Amino acid sequence: MEKVVSLAKRKGFVFQSSEIYGGLNGCWDYGPLGVELLRNIKEEWWKAMTYRDDVEGLDAAILMHPRVWEASGHVENFTDPMIDCKSCKARFRLDTLAEQISDKKKEKILKEFAAELTDNEKAELDAVLSSDESLSDKFTALLENKNLSEKLLAHTNCPNCGTKGQFTEPRSFNLMFKTFIGPVESNDNVVYLRPETAQGIFVNFLNVQSASRQKLPFGIAQIGKAFRNEINTKNFLFRTREFEQMEMQYFVKPGEDKKHYDAWKERRMQWYIDLGMSPDNLRFHDHPQDKLAHYAKEATDIEFLFPFGWGEIEGIHNRTDFDLSRHEEYSGKSMKYFDDQTKEKYIPYIIETSAGASRGFMAFLINAYDEEEVNGEKRTVLRFHPKLAPIKAAIFPLVNKDGMPEIAREIEKDLRPFFRVFYDDKGAIGRRYRRQDENGTPYCITVDTQTLEDGTVTVRERDSMAQERIHKSELMNYLAEKLK
RNA sequence: GCGGGCGUAACUCAGUUGGUAGAGUGUCAGCUUCCCAAGCUGAAUGUCGCGGGUUCGAGUCCCGUCGCCCGCUCCA
C-alpha cells in the first residue's frame, strides 16, 4: 500500500490536496498521469455503458433543489446518531445498540427505567411497548425517542465494558455537505452538495425519456462528483469526502426487474475483467435481505481485494420504484411511464449500477502494480490494460546522433494527434524502458541504425519486454489495433 | 471519535548525551553509449509537517495542532 502511494506521488498519479499547507484530510489531487488514467477509466465506462441503443447520457448539476434530498431520504436517514461509552471509549450507533444487548437484559433495563418515568412519559413508553415489533425494535424506538432516550440510556449498560449509564448524549452526524445559494447564509437558502449522482438521473427520468424517445427498458448514465462528509476518511483514495461516481440507472417494467438485475450484475463484473483486473481480486458480495438499505430490494457489491482487504468498488442495486414514487409524492408531478404496448401506466423499477471512479482508479492501480527481478535487478512495472495506460507509447532514438532523433521526432509528430505519446532521449536506453514500465506505458518505439537503412523500428512490449520490428509507417495501425 | 505508529531533499531513510543537516535512489547538464535502471564529470533541492515553550543554543526535550498509516468504531 505504501509502495503504491509512494509511486503514485513520485510518478505524478496522485498528490495530497493542499500539501504545502499540511494537507486536507481525505482529499487527493490527480497529477499528470493520474488524470489520464482516471479519464481513461471514465471513458471506457462511458463507452461500455452509453454506446448502446438503450442507454442515454446525462450530466446533472451538483446542486439540486433541497426537496430532492427530503424525497430521497437523505435528510432523514443520512445520519447516524452515535453514542460513546465514557468509560471504555467504545462507540455505538444508536440504532444498532439494542441488538448488542441480550433480551433478558433489555427487559431488566426497561423495568428499572419504567419505574422512574412521569405519567406522560409512561404513556409514551406504553405506546411503544404495545406495538407488535420485536423487543430490539421497541428498544431502538425508545432510544430514538427524544423524550425518553436520556433516561433509558442512564439505565443501559455498555455492551463492551458493562458500565451502566456512562453514555454520552446521542450525537447526530449528517453526512451531507451544506452550503447556501446566494450570499446570505440563512436556513431558507440551504442547499446540499449531492451525496450521490443518482437523484439527478431520477428527477430527469421523464425529460430524458421523452427527449430521446426511449421505451422501457432503458437506462440513463452519468459521471460526476459526489460529496459525503464522512466521519473519518481512510485508506488513501478509498474513503474520501469528495469522490466521483459512474452511475447508470436502468428503468424497467416491474416484474422484469430480476432479469435485468442479474444481467447487469454479470455485465459489470465482466467490465472489470475485460480491462485487465484479475478475477482472483474480484468477487461479489451479496447483501443479506435484513441488511438492505431502505430503498433496495436486492443488492450486491463488486469487491476488489485491496491491500487492506476486500472493499466495494461498485454497487448493483434493485431500487424498486422507491425513488420515483417518492419524487412523485414530494414534487406532486407524475413519474409514471405510459406503456403503449400494454396501455398500462406505471412507475418503473430501477436497477442501479453505481461505480466509484476514484475507487476503481485505486483498484486498477493496485491491480497493475508489480515487481519482478530481471537480470538481478528489481523491475517495477504497472501492468495496465493498454486502454487504461496513461501513456500509450514512448518514442526513443537509440542514440542521439546519426539522424535518429530527427526520425524519432517525426514519428512522435505523426502519432501525437491520435495517441498520448511521450518522447525521451535522455540517458541509456535501458533506463528509458524502465522509466516507462513504472508509468505503465505498454509500447516503446525505438529508432536504431537499421531504421536509417530500411525504415523499420523496434516496438518493445511492456509486460514481456519482447521486441518486434515493424515499419515506421505501420505504427499508426499497429497501435490502433492494440488499443481497439 | 478512541488507541498505537510515523512525519528530515522528489522517493527511501540516517542523524550519537540538545551545538542551526547527511546518504542512497531519482532529477538536471555534459561526455560516453547500437537495446533493458551501465560508466565518467558536474549541478540543483530542505525555513527537519506547522505553531508555541524550555534553553545561550532544539531535527533532537515539553505542549498544542495538522496530516498519513495500522487497529477499533463507522461505512445511509
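Not measured: the values here are computed from a predicted model.
Listed nucleotides: B:A29, B:C70, B:C36. Nearest to the side chain of A:Val374: B:C36. Closest to the A:Phe236 side chain, of the nucleotides B:A37, B:U33, B:C69, is B:C69. Nearest nucleotide to the A:His74 side chain, out of B:C36, B:A29, B:A76: B:A76. Out of B:A29, B:C68, B:C35, the shortest distance to the side chain of A:Thr446 is found at B:C35. Taking only side-chain atoms of A:Gln16, from C-beta outward, the nucleotide of B:C74, B:C68, B:A37 with the closest atom is B:C68.
Spacing of P atoms, B:G1 relative to B:G46, comes out at 35 Å, to the nearest Å. Between B:U47 and B:U12, the distance separating the two P atoms is 16 Å to the nearest Å. B:G49 and B:G42 are spaced 33 Å apart, taking the C1' atom of each and rounding to whole Å. Here, B:U17 and B:A58 have their C1' atoms 14 Å apart, quoted to the whole Å. Going from the C1' atom of B:A43 to that of B:G51 covers 35 Å, rounded to whole Å. Rounded to a whole angstrom, the distance from the C1' atom of B:U45 to that of B:G24 is 16 Å. For the C1' atoms, the distance from B:A21 to B:G30 is 30 Å, rounded to whole Å. On the C1' atoms, B:U27 is 14 Å away from B:A37, given to the nearest whole Å.
Atom CZ in A:Arg434 sits about 9 Å away from atom P in B:A38, given to the nearest Å. Rounded to whole angstrom, the span from the CZ atom of A:Arg241 across to the C1' atom of B:C74 amounts to 13 Å. Across the protein-nucleic acid pair, A:Asn229 atom CG and B:G1 atom C1' stand 14 Å apart, rounded to whole Å. Rounded to whole Å, the distance from CD on A:Glu438 to C1' on B:U12 is 13 Å. Counting to the nearest Å, the P atom of B:A37 and the CG atom of A:Asp437 are 11 Å from each other. One can place CD1 of A:Ile429 at 17 Å from P of B:G39, the figure rounded to the nearest angstrom. Between A:Asp323 atom CG and B:A76 atom C1' the separation is 13 Å, expressed in whole Å. The CZ atom of A:Arg462 sits 18 Å away from the C1' atom of B:A37 (whole-angstrom rounding).
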**OP:** Evaluate the criterion ring pair (Phe, Tyr, Trp, His ring centres under 6.0 Å) for residue pair A:Phe304 and A:Tyr272; output intermediate values, then yes/no.
**Re:** CA-CA 10 Å; A:Phe304 177 81; A:Tyr272 290 99; 8.8 Å; no

**OP:** Could you walk me through whether A:Glu468 and A:Tyr478 pass the side chain to side chain donor-acceptor pair (under 3.5 Å) test, one step at a time?
**Re:** CA-CA 11 Å; A:Glu468 56 180 314; A:Tyr478 180 92; 2.7 Å; yes

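Residue contacts for A:Lys401: at a heavy-atom cut-off of 4.0 Å it reaches the sugar-phosphate backbone alone, with no base atom in range. In this structure, A:Gly26 reaches the sugar-phosphate backbone alone: every heavy-atom distance under 4.0 Å involves primed, P, OP1 or OP2 atoms, never a base. A:Glu196 comes within 4.0 angstrom of a base, heavy atoms only.
For the pair A:Asn400 and B:C31, the criterion of a side-chain N or O lying under 4.0 Å from OP1 or OP2 is not met. One finds no side-chain N or O of A:Lys234 lying less than 4.0 angstrom from the OP1 or OP2 phosphate oxygen of B:C70. Close to B:C66, at under 4.0 Å from its OP1 or OP2, lies no side-chain N or O of A:Asn25. Taking only side-chain nitrogens and oxygens, A:Lys9 comes nearer than 4.0 Å to OP1 or OP2 of B:C11. Remark: A:Arg431 is in phosphate contact with B:G26, judged by side-chain N or O atoms under 4.0 Å from OP1 or OP2. For the pair A:Arg435 and B:U27, the criterion of a side-chain N or O lying under 4.0 Å from OP1 or OP2 is met.
Geometric assessment of A:Arg409 against the ring of A:Tyr423 yields a positive cation-pi assignment under the 6.0 Å and 45° thresholds. Cation-pi check for A:Arg241 over A:Phe227 is not met; the charged atom does not lie both under 6.0 angstrom from the ring centroid and within 45 degrees of its normal. Cation-pi geometry between A:Lys265 and A:Phe284 is met: the NZ or CZ atom falls under 6.0 Å from the ring centre, inside 45° of the normal.
With both pairing distances under 3.5 Å, B:G22 is matched to B:C13 as a Watson-Crick or G-U wobble pair. A 3.5 Å limit on both hydrogen-bonding distances identifies B:C50 as the Watson-Crick or G-U partner of B:G64. Across all strands shown, nothing is found opposite B:A37 as a Watson-Crick or G-U wobble partner with both distances under 3.5 Å. Here B:C2 sits opposite B:G71 as a Watson-Crick or G-U wobble pair (both hydrogen-bonding atom distances under 3.5 Å). Pair assignment for B:A43 gives B:U27, based on Watson-Crick or G-U wobble hydrogen-bonding distances that are each under 3.5 Å.
Within 6.0 Å of CZ in A:Arg39 there are 12 or fewer heavy atoms belonging to other residues, nucleotides or ligands.
None of A:Arg379, A:Arg462, A:Arg434 except one satisfies the salt bridge (charged side-chain N to carboxylate O under 4.0 Å, His left out) rule with A:Glu372; the exception is A:Arg379.
Checked by distance alone, A:Tyr21 brings no side-chain donor or acceptor within 3.5 Å of a matching partner on the base of B:C66. With hydrogens and angles ignored, no donor-acceptor pair closer than 3.5 Å exists between the side chain of A:Arg460 and the base of B:C35. Looking at A:Thr458, its side chain comes within 3.5 Å of the base of B:C35 through a donor and an acceptor atom.
Toward the 5′ end of RNA chain B lies the nearest nucleotide of A:Gly427, the other residue of the pair A:Ala466 and A:Gly427 mapping further downstream. Nearer the 5' end of RNA chain B, as judged by each residue's closest nucleotide, is the contact made by A:Asp402, out of A:Phe308 and A:Asp402.
Of the N and O atoms on the side chains of A:Asn439 and A:Thr441, not one donor lies less than 3.5 Å from an acceptor on the other residue.
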